[in-house]
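As the structure is a prediction and not an experimental result, all values here were calculated from the model. Only this structure's heavy atoms are used, side chains among them; waters, hydrogens and symmetry mates stay out. Just so we're on the same page: letters track the sequence lines, and every chain starts at 1.
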Amino acid sequence: MNAEDKIRVRFAPSPTGYIHVGNARTALFNWLFSRQKGGVFVLRVEDTDIERSREEYERNLIQDLRWLGLDWDEGPDVGGNFGPYRQSERLELYHKYASQLLEEGKAYYCFCTAEELESQRQAALTEGRMPVYSGKCRNISLDEARRRLDTGQEGAIRLKVPDEGLVRFEDLVRGPVEFDLKLIGDPIIVRSNGMPAYNYAVVIDDALMNITHVIRGEDHVSNTPRQILLYRALGWKLPVFAHLSMVMGKDNTRLSKRHGATSVDQFRRDGILAEALCNYLSFLGWSPPEGNEVLRLEELVRLFDLGRVSRSAAIFDYEKLHWLNRQHIKLLGPEKKLELALPYLQEAGLVDKELSPAQQDWLKKAVEALIEGVDKFSGLPQKFSLLFEFEPEKMDEEARQIIQADSARKVLTAFIQKTKELKEFNYEIFATITGAIKKETGIKGRDLFHPLRVALTARASGLELDKFIPLVEEGARLAFPRKIKSCLERIREISSFLQL
RNA sequence: GCCCCUGUCGUCUAGCCCGGCCUAGGACAUCGCCCUUUCAAGGCGGCAACACGGGUUCGAAUCCCGUCGGGGGCGCCA
């Protein structure tokens with residue numbers, strides 16, 4: 001493969017807010033495609049909308065993309081041979097090709113006012129036609145246009161579009177697509193304020209950056225014919241297009257905040273693993289040919305196939321994301337789990353910033369035990385309350401009922417009796433005592449253990465007791481901001497609470 | 001309204017291009033059972049779909065037409 005055949009793709013977001021999962025999915029697909037084909041992935045920032053673009057958003061964007069595990073070969077932060085990679089820094093380029101089109105008579109100045117255009121559009125809409133620019137300024141000569149410009153009149157530049165014919169292109173995911181030119185008016189390529197319009201800037205940039213495959217959202221399909229016309233007017237080679245379907249919320253409307261978290265940043269803060277998010281995002285419109293669905297980035301790179309991408313919109317399913325997150329968490333080692341869990345535990349005030357080796361060691365075990373079944377790391381402090389909290393008064397209804405049964409009272413009376421004189425406690429002692437109670441009372445299984453669980457945790461469910469007891473005993477000897485009560489302390493409290 | 005795209009279990013999808021192998025497969029969710037002397041996890045099993053109507057054909061989820069539903073677009077936004 002020589003350099004000219006090299007696949008080049010790009011992700012071109014506008015820095016107008018936090019990066020959304022829909023865009024993240026587009027970025028991911030571009031990245032997967034480029035990495036699999038040994039191509040080049042370009043990051044380009046489309047900041048021509050001065051009103052909405054903010055520099056800090058560009059930083060967030062880069063941060064989010066990097067967190068996801070994506071990297072780029074060229075971009076505003078890493079440079080490259082086809083820069084600059086910010087549209088706001090490419091203005092001369094846009095002007096150069098606009099003048100060329102003007103000179104060649106392929107574009108012209110338009111002096112129609114916004115109001116004028118708006119009323120024409122409304123008229124078309126009410127008559128049931130597609131709003132198409134009338135072409136009113138088409139015949140104004142360049143010389144005259146320049147004279148008007150000199151007098152201070154403002155003008156935009158439009159591309160001349162043939163009145164009839166068909167624009168056809170082969171979309172890598174959607175197959176052949178065609179548009180009737182009658183329904184496409186002369187698009188503005190440079191606004192009267194001198195800024196390039198989106199449809200124009202992308203073409204200039206994609207072409208000049210040698211982009212071979214344009215992979216983007218479905219919302220761009222109807223822009224594609226205009227862009228193709230521009231490529232033709234400039235005599236440039238067309239890239240291959242691939243339009244990805246949209247990502248929807250549960251009610252089949254565009255995914256928005258009201259459906260839950262939607263920005264990459266938010267998922268990160270919630271404690272969703274980047275690999276899990278990528279794994280899930282890749283399943284929005286694509287599926288691996290066979291087998292395991294829990295896939296790491298390298299595996300996605302290996303398996304990804306644009307030809308297998310679905311044409312219909314996909315609904316974002318938080319349940320499946322959470323399932324994948326749990327699967328990816330399981331793949332992590334204890335050290336890594338602790339590292340990721342710590343910020344959440346610190347924020348919840350459960351642990352200090354500085355930890356003794358003994359605390360670290362204990363926390364590692366605790367995280368390992370409690371992380372099971374947790375959807376995301378932000379749910380961990382809640383799980384930790386099993387260890388850090390013991391408040392019989394706050395027991396829920398289920399726990400109360402368990403403890404109130406006749407057999408439960410018997411079990412607990414005996415248990416409290418047998419632990420009264422104890423100075424220390426551990427799982428072996430617990431097992432011996434429960435064995436004795438079983439013998440004396442004949443109570444066993446669920447009836448025996450469930451009340452004891454409630455007595456020790458003030459909850460109806462939680463860790464297995466053979467894991468719970470050693471963990472609490474060890475934890476109780478450590479100095480945490482909130483002290484962990486030992487089993488014996490718990491037994492004493494529950495005893496007085498139940499007046500047994 | 002007009003243009004473009006799209007329509008398989010509740011959800012993501014396989015199959016569709018190249019009709020028969022589809023009594024439509026997998027995953028999430030859900031339900032049940034097993035395991036664990038509780039819960040969860042795990043294992044096993046169940047429920048559950050070719051939008052509808054016409055063709056074409058010996059035979060259609062697969063091809064054609066129409067209807068209906070969903071999405072996107074129709075900016076001097078990107």
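- Using a 4.5 Å cut-off on side-chain heavy atoms (C-beta onward), A:Leu101 and A:Ile157 make no contact.
- Nucleotide B:rC68 is matched to B:rG7 when pairs are restricted to Watson-Crick or G-U wobble geometry with both distances under 3.5 angstrom.
- Among the atoms of the strands shown, only primed sugar atoms or phosphate atoms (P, OP1, OP2) are found under 4.0 Å from some heavy atom of A:Gly285.
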Start with the C-alpha gap between A:His328 and A:Tyr280, add the side-chain angles, then the distance that decides, and say whether ring-ring contact (aromatic ring centres under 6.0 Å, His included) holds. CA-CA 11 Å; A:His328 281 273; A:Tyr280 180 67; over 10 Å; no
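- The shortest distance between the side-chain N/O atoms of A:Arg121 and the OP1/OP2 oxygens of B:rC2 is not below 4.0 Å.
- Residue side chain A:Ser222 does not reach the base of B:rC74 through any donor-acceptor N/O pair under 3.5 Å, judged by distance alone.
- Listed by chain and residue number, A:Glu335 satisfy the side-chain hydrogen bond (donor to acceptor under 3.5 Å, both in side chains) test with A:Lys364 (two or more places apart in sequence, or in another chain).
- In terms of phosphate contacts, A:Arg25 brings no side-chain nitrogen or oxygen within less than 4.0 Å of OP1 or OP2 of B:rC12.
- At the heavy-atom level, A:His220 lies under 4.0 Å from base atoms of the strands shown.
- Note: CG (A:Asn252) to C1' (B:rC68) measures 15 Å, nearest angstrom.
- Between A:Arg326 and the phosphate of B:rA40, there is no side-chain N or O to OP1/OP2 separation shorter than 4.0 Å.
- With rounding to whole Å, A:Arg174 atom CZ is found 13 Å from B:rG73 atom P.
- The shortest distance between side-chain heavy atoms of A:Leu65 and A:Trp72 falls below 4.5 Å.
- Side-chain nitrogen and oxygen atoms of A:Arg254 include at least one within less than 4.0 Å of the OP1 or OP2 phosphate oxygen of B:rG73.
- Here the nucleotide nearest the side chain of A:Asp219, chosen from B:rA14, B:rG73, B:rC5, is B:rG73.
- With both ends at atom C1', the span from B:rU56 to B:rG66 equals 15 Å, rounded to whole Å.
- Annotation: B:rC9 and B:rA61 have their P atoms spaced 15 Å apart (nearest Å).
- For the P atom pair drawn from B:rA60 and B:rG54, the interatomic distance equals 13 Å after rounding to whole Å.
- In this structure, B:rC2 and B:rG73 make a Watson-Crick or G-U wobble pair, each of the two defining distances being under 3.5 angstrom.
- Taking side-chain N and O atoms only, A:Lys383 has no distance below 4.0 Å to OP1 or OP2 of B:rA40.
- One interatomic measurement links the two molecules: CZ of A:Arg90 to C1' of B:rA78, which rounds to 16 Å at whole-angstrom precision.
- The side chain of A:Glu319 sits closest to B:rA29 out of B:rA29, B:rC12, B:rG72.
- When the C1' atom is compared between B:rA48 and B:rC12, the two are found 15 Å apart, to the nearest whole Å.
- Between A:Arg216 and A:Asp206, none of the side-chain N atoms (NZ, or NE/NH1/NH2) sits under 4.0 Å from a carboxylate O, so this pair counts as no salt bridge.
- Only the C1' atoms considered, B:rC39 is 23 Å distant from B:rG46, to the nearest whole Å.
- Distance from the side chain of A:Thr48 is smallest to B:rA78 among B:rA14, B:rA78, B:rG71.
- Distance from the side chain of A:Arg158 is smallest to B:rC76 among B:rG71, B:rG73, B:rC76.
- Checking B:rU30 for Watson-Crick or G-U wobble geometry (two distances, each under 3.5 Å) identifies B:rG46 as its partner.
- Pairing for B:rC63 is with B:rG55, a Watson-Crick or G-U wobble pair whose two hydrogen-bonding atom distances lie under 3.5 Å.
- Atom-to-atom, NE2 of A:His243 to P of B:rU6 comes out at 13 Å; the value is rounded to the nearest Å.
- Look at the P atom in both B:rG32 and B:rA40: the space between them is 11 Å, to the nearest Å.
- For A:Phe283, the listed nucleotide lying nearest its side chain is B:rC12; candidates were B:rC12, B:rU11, B:rA78.
- We find that CG of A:Leu380 is positioned 14 Å from C1' of B:rA40, with the value rounded to whole Å.
- Nucleotides B:rU62 and B:rA51 place their P atoms 8 Å apart, quoted to the nearest Å.
- Across all strands, A:Cys112 comes closer than 4.0 Å to base atoms (heavy-atom distances).
- Spacing of P atoms, B:rG26 relative to B:rA49, comes out at 14 Å, to the nearest Å.
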